[in-house]
2 protein chains.
Amino acid sequence: MNERATLKTIAKATGYSITTVSRALAGYDDVAEATRAVIQSSAQQLGYFPNLTARQLQKQRTDTIGIILPSVGPRFADPYFSLILAGIGDEIAVSGYDILISTRPPGPAELEAYRSIVEGQRVDGIVVIRTRLEDERIAYLAERGFPFVAFGRTTLDLDYPYIDEDGEAGTYELILHLAQLGHERIAYIAAPQHLTFGYNRLKGYKRALDDTGLVYHPEYVEVGDLTRRGGSAAAEKLLAKPLPPTAIVAANDLMALGTMNHLQQNGLRIGIDISVAGFDDIPAAEALGLTTLNQPIFRIGHQLSQMLLAVIEGQHLAEPKLVLKPKLLIRASVGPPA
Amino acid sequence: MNERATLKTIAKATGYSITTVSRALAGYDDVAEATRAVIQSSAQQLGYFPNLTARQLQKQRTDTIGIILPSVGPRFADPYFSLILAGIGDEIAVSGYDILISTRPPGPAELEAYRSIVEGQRVDGIVVIRTRLEDERIAYLAERGFPFVAFGRTTLDLDYPYIDEDGEAGTYELILHLAQLGHERIAYIAAPQHLTFGYNRLKGYKRALDDTGLVYHPEYVEVGDLTRRGGSAAAEKLLAKPLPPTAIVAANDLMALGTMNHLQQNGLRIGIDISVAGFDDIPAAEALGLTTLNQPIFRIGHQLSQMLLAVIEGQHLAEPKLVLKPKLLIRASVGPPA
DNA sequence: TTGAAAGCGCTAACAA
DNA sequence: TTGTTAGCGCTTTCAA
């Protein structure tokens, strides 16, 4: 790297003080036009570019927001994360913000990462995605008074802005649909229950069984790790039951795809011999004809960005808490019981 | 936000100088153990955390690498980008680095973003993904002498470290396979030709036709925008030819999936009435039985991280230029011509 | 073993 | 209209 030009370089070159150079370049109107012209051309010629780190230190803001991703289990590679990231990134860029991403395994290292970028003042705000029922990240941020928004609710008694999907209502509607088709043995591949969405979706499953007069049998519920592989493994267990289910609903599409894989390998025809459904409506779902619940993850990312920017600016949020009802999409993977 | 503790706060609280506090906390051994103990406990109690921005300014390094993503066309939502990002993020985190992501539309704003994070010293190095034949980003970085690695070659006469896939050889092998099955009208949905990978993959297509005695007909080649929708549109055009192709090969899986969609909607059976193949082996490819070429994108991300770190540290790279041969995966989407 | 002073590059209050 | 001074929070040289 050739040495970079700083304000000092320009000051020396033009004979003006650093202050004047700074103000000329910043567009202040208390600089003589002639002076500004000289300084600007010198800056141009020297290839000057402001050191953003220095500016950040001075201004006490970074024009950057932070997102911390889990490094194990599903992450970027999970369409859920990619889509939300795309949505956030797209929208935040409009306001000239960048995104700082830290990848950490869940656990203490993760919380440390939050501490680090918050206390280290590396970002102006944070988006917490995939909340947990008792989310210590949110507890920390709220207690710290640091600007943040979350994708997901918690059971914490804290007042913070979020967007969440109504996973309970969505799953409820789906199970109801299956029951109306005549399914009586509807198995469920749940998400880990410390995750808010996992808990809510399972709740919808149980409530729907209740309301339709079907009995909730714990042996028809497996907990999966949200990956395709996990879905496949869970499906295997469910098929091995003495009385296998006629429909399998997974808490997310990825696991539903894994389930489909497994079923097909066992010669079962999806939607005919057995029904399968998921949740999320990731891009592959449509291609595979997977019945699922759509939530506009990409657009939620947009909204989260806008909310966070408002929070950072200290604005009042018109709707600080948003719960969206997902839309049931019936596709070929679901049919009446065989 | 409550006010944060700084070195000054601790200095005042303990009566030591800022210098001593700094060194005590940094673990220098020229500090009396008793002093260190006092300072540490004070730091603990005050909830001290170093201001990373200030440290960066002083140390002239950020422990951050930069990636600039296109905000239009396929991006995060494209498994290609998510996977490479996951690979990079995973591995870079091991060394304690973070990732700064800027989302920009291709064009001048994009190059500006590179300028901004480079000259603004916001990152220590950059990963350029999806290179173009004459890539002005690489020209800039190389000329600037800034640490970077690229996923993809260019036609520029510049010496820089990269990993690339041998898209030509991969496509060649695939087309050869189709020809051997008896296909004579093999259409191709190309990627934009200013993209290195798009150019190379098409080259493989042409060369394979040549070598198998088939004639290259430009009307059997459509250029797509790499999205599923684009693949579907291209497929429609190809099907409308007086003599439709018996096989359609897309330059990436996403377009291949779009092609499959379109064909199925028209009542064609994939792999029986017509063959389809892609490139990349994204997760959905396996589920859909799409014949494709696998490149270990995730692992390439890992390697790019390691290379970049080496470059940042000024180390010598054993293999600064890597071209990987993708692996042909024959799946159900391909069969002999009807 | 500790502290004073300088400096990373920038902005801003205040004085001239 | 311009410059002096101070300071953002940290590290590091050098002297005590």
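Letters A, B, ... are given to chains in the order of the sequence lines, protein chains preceding strands, and every chain is numbered from 1.
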For this session: With sequence neighbours excluded, give me every salt bridge (Lys or Arg N to Asp or Glu O under 4.0 Å) pair touching residues 35-49 of chain A.
Result: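 As it turns out, the salt bridge (Lys or Arg N to Asp or Glu O under 4.0 Å) pairs with a partner in residues 35-49 of chain A, which skip direct neighbours, are A:E33-A:R36.
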
Problem set entry | Qualifying salt bridge (Lys or Arg N to Asp or Glu O under 4.0 Å) pairs, either residue in residues 44-62 of chain A, two or more places apart | A:R61-A:D63

For [X], which residues count as a ring-ring contact (aromatic ring centres under 6.0 Å, His included) partner, sequence neighbours excluded?
| X | result |
| --- | --- |
| B:Y162 | B:Y160 |
| A:Y48 | none |
| A:F197 | none |

Problem set entry | Angle of first-five versus last-five pair axes in the helix from C:dT1-D:dA16 to C:dA16-D:dT1, to 10 degrees |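 Angle reported: 50°, given to the nearest ten degrees.
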
Seminar exercise, completed: Between B:T20 and B:Q60, whichever has its closest DNA chain C nucleotide further toward 5' is B:T20

Problem set entry | Given DNA chain C, 5'-ward residue of the pair B:G15 and B:L57, judged by closest heavy atom |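 Looking at the nearest nucleotide for each, B:G15 comes out on the 5' side.
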
Seminar exercise, completed: With a 4.0 Å cut-off (strictly under) to non-hydrogen atoms of chain B, the first and last hit nts on DNA chain C, 5' to 3', are C:dT1 to C:dG9

Problem set entry | Under the side-chain hydrogen bond (donor to acceptor under 3.5 Å, both in side chains) test, residues paired with B:E165 that sit two or more places apart |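 Partners of B:E165 under the side-chain hydrogen bond (donor to acceptor under 3.5 Å, both in side chains) test: B:R201, B:Q295.
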
Problem set entry | Test side-chain hydrogen bond (donor to acceptor under 3.5 Å, both in side chains) applied to A:D135 - qualifying residues, sequence neighbours left out |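 side-chain hydrogen bond (donor to acceptor under 3.5 Å, both in side chains) check on A:D135 returns A:R137.
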
In whole angstroms, how far is the [atom2] atom of [N] from the [atom1] atom of [X]?
| X | N | atom1 | atom2 | value |
| --- | --- | --- | --- | --- |
| B:L46 | D:dG9 | CG | C1' | 15 Å |
| B:Q56 | D:dG9 | CD | C1' | 12 Å |
| B:R4 | D:dG9 | CZ | P | 9 Å |

Exercise. So which pairs with a foot in residues 314-324 of chain A pass side-chain hydrogen bond (donor to acceptor under 3.5 Å, both in side chains), sequence neighbours left out?
Worked result: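 Qualifying pairs: A:D159-A:K321.
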
Exercise. Would you call A:R104 and B:D98 a salt bridge, using N to O less than 4.0 angstrom?
Worked result: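 The answer is yes: the pair qualifies as a salt bridge.
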
Problem set entry | Name of the residue among B:D124, B:V123, B:I117 meeting side chain to side chain contact (heavy atoms under 4.5 Å, CB included) with B:F146 | B:V123

For this session: Using salt bridge (charged side-chain N to carboxylate O under 4.0 Å, His left out) as the criterion, list what pairs up with B:D164, not counting sequence neighbours.
Result: B:R153

Exercise. Between A:T35 and D:dT2, is there a side-chain N or O to OP1/OP2 distance below 4.0 Å?
Worked result: yes

Problem set entry | Letter per nucleotide, 5' to 3', of nucleotides 10-16 of chain D [B base touched, S only sugar-phosphate touched, - untouched; heavy atoms, 4.0 Å] | BBBBB--

